[in-house]
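Contents: one structure, followed by commentary.
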Amino acid sequence: MQYNFNEIEAKWQKKWADEKTFQVNSNQGKKKFYGLDMFPYPSGAGLHVGHPLGYIASDIVARYKRHLGYNVLHPQGYDSFGLPAEQYAIQTGQHPAKTTQANIQRYRKQLDQIGFSFDWSREVRTSNPDYYKWTQWIFTQLFNSYYCNKTDKAKPIQLLINHFEEQGNDGLDVASDEVIAPFNATDWKEFSAAKKEEILLQYRLTYLAETEVNWCPALGTVLANDEVINGRSERGGYPVQKKKMKQWSMRISAYAERLLKDLNQLDWSDSIKEAQRNWIGKSEGASVKFKVQNHAANIEVFTTRPDTIFGVSFMTLAPEHDLVNQITTPEQKQSVEAYIKAASLKSERDRMADVKTISGVFTGAYAAHPFTKQPIPIWIGDYVLAGYGTGAVMAVPCGDQRDFDFAKHFNLPIPNVFEGVDVANEAYTDKENAIITNSNFLNGLQGKKAIEEAILALEDEKIGKRQTNFRLRDAVFSRQRYWGEPFPVYYVNGTPKLIKEKHLPLVLPEIDEYLPTEDGAPPLGRAKNWAWDTKNNQVVENTKIDHINVFPLELNTMPGWAGSSWYMFRYMDPQNQEQIASQEALNYWENVDLYIGGSEHATGHLLYARFWTKFLNDLGVIPVEEPFKKMINQGMILGESAFAYRLKDTNTLVTKSKAKMDEVDPIHVDVSMVNLSNELDIDAFKKWRTEFSTADFVTEENGSFVVGREVEKMSKSKYNVVNPDDICETYGADTLRMYEMFLGPIEQAKPWNTAGITGVHNFLRKLWKLYHDKEGFSVIDQPASKEALKILHKTIKKVTEDIENFSFNTSISTFMIAVNELSKIDCNAKEVLNPLAILISPFAPHIAEELWQKMGHHVSISTAPYPKYEEKFLVEDTKTYPISFNGKMRFTLDLSLSLSKEEIEELVMNDEKTKNQLAGRTPKKVIVVPGKIVNIVG
RNA sequence: GCUCGGAUGGUGGAAUUGGUAGACACGUUGGACUUAAAAUCCAAUGACCAUUGCGGUCGUGCGGGUUCAAGUCCCGCUCCGAGUACCA
């Protein structure tokens with residue numbers, strides 16, 4: 001009886017789809033479990049073997065939880081807006097919707113082939129108007145909210161307007177832009193409507209503002225901070241520069257404290273939590289005002305070390321600082337201007353690469369030390385960043401290495417304020433242990449106490465105050481792109497107005513080309529119908545714009561993370577036309593119990609999704625504060641690239657053993673042309689690319705041509721991509737699923753190597769054979785042997801523990817051991833093989849279903865109750881004791897577990913082998929740990 | 001530089017609160033079956049020494065330490081991977 005996996009798998013995949021086996025509804029009577037994968041961006045390359053790794057893991061857990069009786073929500077969908085489809089559209093003129101649709105179909109086919117238990121009736125696509133209607137809706141909610149620091153909650157903007165009408169902007173504790181001119185109630189009432197809107201924008205949770213953005217000319221769009229890596233775009237690796245542009249931003253900074261604090265309640269890996277903590281970057285200290293001499297201006301600085309304030313010997317402003325022009329003396333004007341110009345020309349990347357070069361210029365101006373009133377020279381230098389704090393620092397060279405280096409370089413004094421510390425060669429940056437000296441009232445104080453005293457003094461003298469700063473910046477939310485959500489925004493004389501909720505979605509218009517317009521406007525500037533008719537509430541031709549009733553619409557679109565910031569809630573009720581999801585569904589499913597995905601989203605998606613969740617929670621829309629309770633980050637599956645070695649400047653290829661590495665160029669070879677022994681299929685290679693059709697080959701003595709191997713990221717350009725399709729074809733989906741899990745711990749990165757796959761495949765065949773003999777199905781309904789039951793229960797125990805710990809590789813070993821052992825004793829008792837099928841069904845669902853059916857069951861195995869582990873089958877009466885001498889195991893001894901310590905010692909000491917080992921010596925000590933070990937010392 | 005991981009046979013990887021290091025699998029070698037090959041099955045497989053059988057020495061990146069006992073705990077290093085980048 002053959003294990004015909006292709007047939008079995010097709011049969012069950014069809015059955016699951018036809019019978020809607022995995023469709024789920026909220027069910028108050030059952031405990032819920034929500035297992036979610038980070039949904040994929042459907043790229044043109046299709047799935048490679050790395051993608052399903054996480055999906056398989058979450059599918060195992062989802063199926064396991066079903067067996068345990070949970071009501072399991074396990075959906076899948078597509079993050080289908082994004083750059084690659086648009087880049088492709090630019091090149092080919094194909095509408096991104098079309099390529100996206102084709103890619104989704106391919107993904108779906110590949111996913112179906114692996115046998116996932118997704119509830120596809122809940123699929124979402126972020127590029128679907130039914131979906132992005134609600135993305136736009138959330139945007140309008142953010143627009144109509146401000147953040148109240150007192151209650152730590154977002155509130156309707158109307159409450160703020162009420163406050164303005166009563167007392168202007170006095171007495172507010174809310175999140176806003178940094179500098180807002182004060183006004184009173186009378187002022188407010190007299191302001192024009194446009195002026196009022198302008199003021200309100202400074203408080204809204206999403207706002208339009210002139211901001212310094214990361215502009216990527218090659219992509220023709222701005223990027224968020226998390227999309228820029230080392231001064232280059234995350235996608236494509238193109239250079240990024242700073243540019244001021246009017247953009248929509250998200251006031252995520254208002255949520256900084258909560259985003260930080262609530263990390264503690266999440267069951268996520270420490271490294272991701274740490275990455276978020278660093279990204280949020282909370283620092284506590286004080287802001288201090290320094291008066292500029294002979295000038296009305298004050299320079300405000302932020303410092304975490306107010307205790308070192310008597311060590312200030314100069315100040316440094318960022319070149320972009322607003323005051324620089326005002327305070328620079330005529331003598332210094334020329335060099336200051338030259339420096340500012342040079343700094344502005346440097347790209348972000350240059351500036352970062354240049355960290356070690358110290359540069360700066362004296363402005364000629366002096367500030368007065370807030371306590372001593374001594375003059376302090378004011379410098380500018382690009383080691384101070386305009387975007388952090390106030391863009392100015394009080395330089396304490398004895399306590400900060402950068403200030404120290406700057407002082408050394410420009411020969412500025414380095415006064416020492418630390419007791420018993422030498423600061424001749426480097427700054428002393430220890431915050432805890434520093435004892436302050438030469439500092440008036442701070443003398444003799446240490447660490448926190450000194451900082452505390454300094455802040456109190458600053459506040460007493462009204463020259464500074466306690467302050468907390470965050471590194472987290474507001475997130476730029478506009479993209480100069482076509483393939484994204486349109487903003488539900490139109491402009492009345494430059495003032496943004498929102499389209500009312502009931503008229504959403506605002507659907508993406510058609511355009512002729514997916515490029516910016518000639519005058520540099522985003523692609524939506526090409527749309528002929530992109531104006532809002534406020535009378536009829538619909539999109540109309542641009543020609544109708546009259547700025548009375550018909551207004552131009554926003555030309556930017558939303559970024560990729562918009563749709564992915566809330567999709568986990570849409571799955572709960574994906575067809576809802578009235579709400580993002582029904583209250584009932586939101587209350588029942590709450591949030592994601594297990595989220596599986598890559599760790600590369602640590603500071604992007606995972607932070608934004610938390611932000612929007614908290615915001616929607618503030619509004620009372622959703623009942624939870626956090627979207628993902630527990631998260632597992634699967635490691636990347638790497639590719640094993642293959643290289644042929646070509647003699648430099650020739651067309652001669654040399655087999656690995658004869659190639660001298662300094663005389664050859666390694667050339668990537670498609671891994672599909674290489675067999676398990678690293679031998680190249682030369683004929684296929686010649687046909688692969690014309691340049692090789694005439695190549696000469698220097699082979700091994702036996703005529704084979706061996707390639708070199710190297711582990712790299714799996715990518716099309718490296719020709720090392722392995723598709724799951726081929727594996728499913730050759731070995732079956734169950735083998736693929738088990739093999740991916742068998743490779744090693746889920747969180748660890750590892751190279752893909754099919755060498756071991758036969759082992760897993762053989763295991764499934766052995767499993768099949770356990771239920772069959774030559775004649776056919778051989779499971780019989782008769783009592784199982786004690787031994788067989790012991791094997792079963794040992795397996796239940798271990799596999800269950802392993803699933804709970806996400807240690808899938810070891811559970812597969814356990815199955816292998818169980819099947820080996822059961823085969824050895826020819827077990828064919830249903831009492832054992834029935835529960836065994838259930839145990840294995842989360843891992844290899846197709847074969848499990850087939851065996852289950854053969855054992856006479858008529859409903860899917862997927863909801864069969866999970867076998868219960870019973871201790872009584874495992875009770876042993878003897879233990880094979882390792883007998884060690886001085887910690888080294890020499891032999892083993894089977895002894896009854898009922899023996900006492902003393903009895904064990906006696907039996908061991910009287911054993912012939914012990915006497916041999918001791919060779920007449922008398923042991924100093926005998927350690928007996930009943931049930932574990934015996935160690936004889938001496 | 002900082003933060004977080006990691007280092008175990010030829011390979012992927014196991015090893016509970018410190019208690020038989022190398023489970024399971026791949027690969028390799030030998031054997032059975034076969035006209036032959038594949039598939040399958042059986043056996044061996046950390047290194048070294050010894051070998052007629054028993055056996056012995058060394059072994060979890062390196063150097064120390066704690067302990068009857070250390071892959072596991074402590075101290076000091078080395079190397080590799082990931083993230084981050086002048087954050088005042």
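Note that the coordinates shown come from a computational prediction; the quantities given were computed from them, not determined experimentally. All values below come from the heavy atoms of this structure, side chains included, with hydrogens, waters and symmetry mates left out. Every chain is numbered from 1 and lettered A, B, ... according to where its sequence line falls, protein lines coming before strand lines.
- Rounded to whole angstrom, the span from the CG atom of A:Asp405 across to the C1' atom of B:A88 amounts to 14 Å.
- If you take atom C1' in B:C68 and the same atom in B:G18, they sit 12 Å apart, rounded to whole Å.
- Distance noted for atom P between B:G12 and B:U34: 39 Å (whole Å).
- Comparing B:A25, B:C68, B:C26 by their nearest atom to the side chain of A:Met816 picks out B:A25.
- Taking the side chain of A:Arg765 as heavy atoms from C-beta on, and the options B:U20, B:A39, B:C24, the nearest nucleotide is B:A39.
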Requested in this report: Verify side-chain contact (heavy atoms from CB on, under 4.5 Å) between A:Ile414 and A:Phe404, making sure each step is shown before the conclusion.
Outcome: CA-CA 7 Å; A:Ile414 303 176; A:Phe404 182 92; 3.9 Å; yes
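- Ring planes of A:Phe885 and A:Phe891: tilted class, angle from 30 to 60°.
- Whole-Å rounding puts the A:Phe406 CZ to B:C86 P distance at 16 Å.
- Within the nucleic acid shown, A:Asp403 has no heavy atom closer than 4.0 Å to any nucleic acid atom.
- Side chain of A:Asp307 to backbone of A:Ala450: no donor-acceptor contact under 3.5 angstrom is found.
- The nucleotide whose nearest atom lies closest to any side-chain atom of A:Ser271 is, among B:U20, B:C4, B:C26, B:C4.
- For the pair A:Asp400 (side chain) and A:Val396 (backbone), a donor-acceptor distance under 3.5 Å is absent.
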Below 3.5 Å is the cut-off: list the nitrogen or oxygen pairs between protein and nucleotides 42-51 of chain B, distance only.
none

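- Nucleotide B:G56 is shown with an anti base, its glycosidic torsion being more than 90° from 0.
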Report task. Kindly express the pairing pattern of RNA chain B in dot-bracket notation, using | wherever a base pairs with another strand and counting only Watson-Crick or G-U pairs under 3.5 Å. Result -> (((((((..(((......[....)))((((((.......))))))((((.....))))..(((((..]....))))))))))))....
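- Taking the side chain of A:Arg402 as heavy atoms from C-beta on, and the options B:C24, B:C86, B:G19, the nearest nucleotide is B:C86.
- Comparing B:C68, B:A88, B:A39 against the side chain of A:Leu385 picks out B:A88 as the nearest.
- Comparing the P positions of B:G81 and B:G71 gives an interatomic distance of 27 Å, to the nearest angstrom.
- Classification of the A:Phe806-A:Phe808 ring pair by plane angle, with boundaries at 30° and 60°, yields perpendicular.
- Less than 6.0 angstrom separates the ring centroid of A:Phe406 from the ring centroid of A:Phe314.
- Between the side chain of A:Ser778 and the main chain of A:Tyr771, a donor-acceptor pair closer than 3.5 Å is present.
- The backbone N or O of A:Gln467 lies less than 3.5 Å from no partner atom in the side chain of A:Ser287, so there is not a single donor-acceptor pair.
- Remark on RNA chain B: of its neighbouring residues A:Glu274 and A:Pro882, the 5'-side contact belongs to A:Glu274, judged by nearest-heavy-atom nucleotide.
- When heavy atoms are screened at a 4.0 angstrom cut-off, A:Val937 is found touching the sugar-phosphate backbone but no base atom.
- A:Phe843 has its side chain within reach of A:Ile803: a pair of non-hydrogen atoms, C-beta onward, lies under 4.5 Å apart.
- Between A:Ile883 atom CD1 and B:A69 atom P the separation is 17 Å, expressed in whole Å.
- One can place NZ of A:Lys769 at 9 Å from P of B:U40, the figure rounded to the nearest angstrom.
- Under 4.0 angstrom from either OP1 or OP2 of B:U20 there lies no side-chain N or O belonging to A:Ser884.
- When atom types are taken as modelled, the side chain of A:His369 and the backbone of A:Ile309 share a donor-acceptor pair closer than 3.5 angstrom.
- With A:Thr303 as reference, A:Val288 is the one residue of A:Val288, A:Val393, A:Leu458 to meet the side-chain contact (heavy atoms from CB on, under 4.5 Å) rule.
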For nucleotides 8-13 of chain B, give me every protein contact, N/O to N/O, under 3.5 Å, one pair per line with atom names.
residue, atom, partner, partner atom, Å
B:G12, O2', A:Leu743, O, 2.6
B:G13, OP1, A:Gln748, NE2, 2.9
B:G13, O3', A:Asn809, ND2, 3.2

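- A straight line from CZ of A:Phe885 to P of B:G55 spans 13 Å, rounded to a whole angstrom.
- Across B:U66 and B:G56, the matching P atoms stand 27 Å from one another, rounded to whole Å.
- Summarising the geometry, the separation between NZ on A:Lys798 and C1' on B:C24 is reported as 11 Å, rounded to the nearest angstrom.
- Using cut-offs of 30° and 60° on the angle between ring planes, the pair A:His761 and A:Tyr731 is perpendicular.
- The interatomic distance linking A:Asn278 (CG) with B:C86 (C1') rounds to 15 Å, in whole Å.
- At least one side-chain nitrogen or oxygen of A:Lys888 sits closer than 4.0 Å to the OP1 or OP2 atom of B:C58.
- The gap from the C1' atom of B:A88 to that of B:C79 amounts to 34 Å, rounded to the nearest Å.
- The base of B:U17 lies close enough to the side chain of A:Lys932 for a donor and an acceptor atom to sit less than 3.5 Å apart.
- As judged by a 4.0 angstrom heavy-atom cut-off over every strand, A:Asn469 is placed among residues making no nucleic acid contact.
- By the 4.5 Å heavy-atom criterion applied to side chains, A:Lys879 and A:Leu895 are not counted as neighbours.
- With C1' as the reference atom, B:C33 and B:G46 are 32 Å apart, rounded to whole Å.
- Classification of A:Glu801 and A:Lys798 as a salt-bridged pair fails, no side-chain N sitting under 4.0 Å from a carboxylate O.
- Contact between the side-chain N/O atoms of A:Asn633 and the OP1/OP2 oxygens of B:G5 is not found at any separation under 4.0 Å.
- The interatomic distance linking A:Arg471 (CZ) with B:U3 (P) rounds to 16 Å, in whole Å.
- Look at the P atom in both B:G6 and B:C74: the space between them is 13 Å, to the nearest Å.
- Projected onto RNA chain B by closest heavy-atom contact, A:Ile927 and A:Thr603 fall at different nucleotides, the more 5' of which corresponds to A:Ile927.
- When the P atom is compared between B:C26 and B:A44, the two are found 15 Å apart, to the nearest whole Å.
- Of the listed residues (A:Leu259, A:Asn469, A:Thr468, A:Leu472), just one forms a side-chain contact (heavy atoms from CB on, under 4.5 Å) with A:Lys282, and that residue is A:Thr468.
- Using a 4.0 Å cut-off, some side-chain N or O of A:Arg890 falls inside it from OP1 or OP2 of B:U57.
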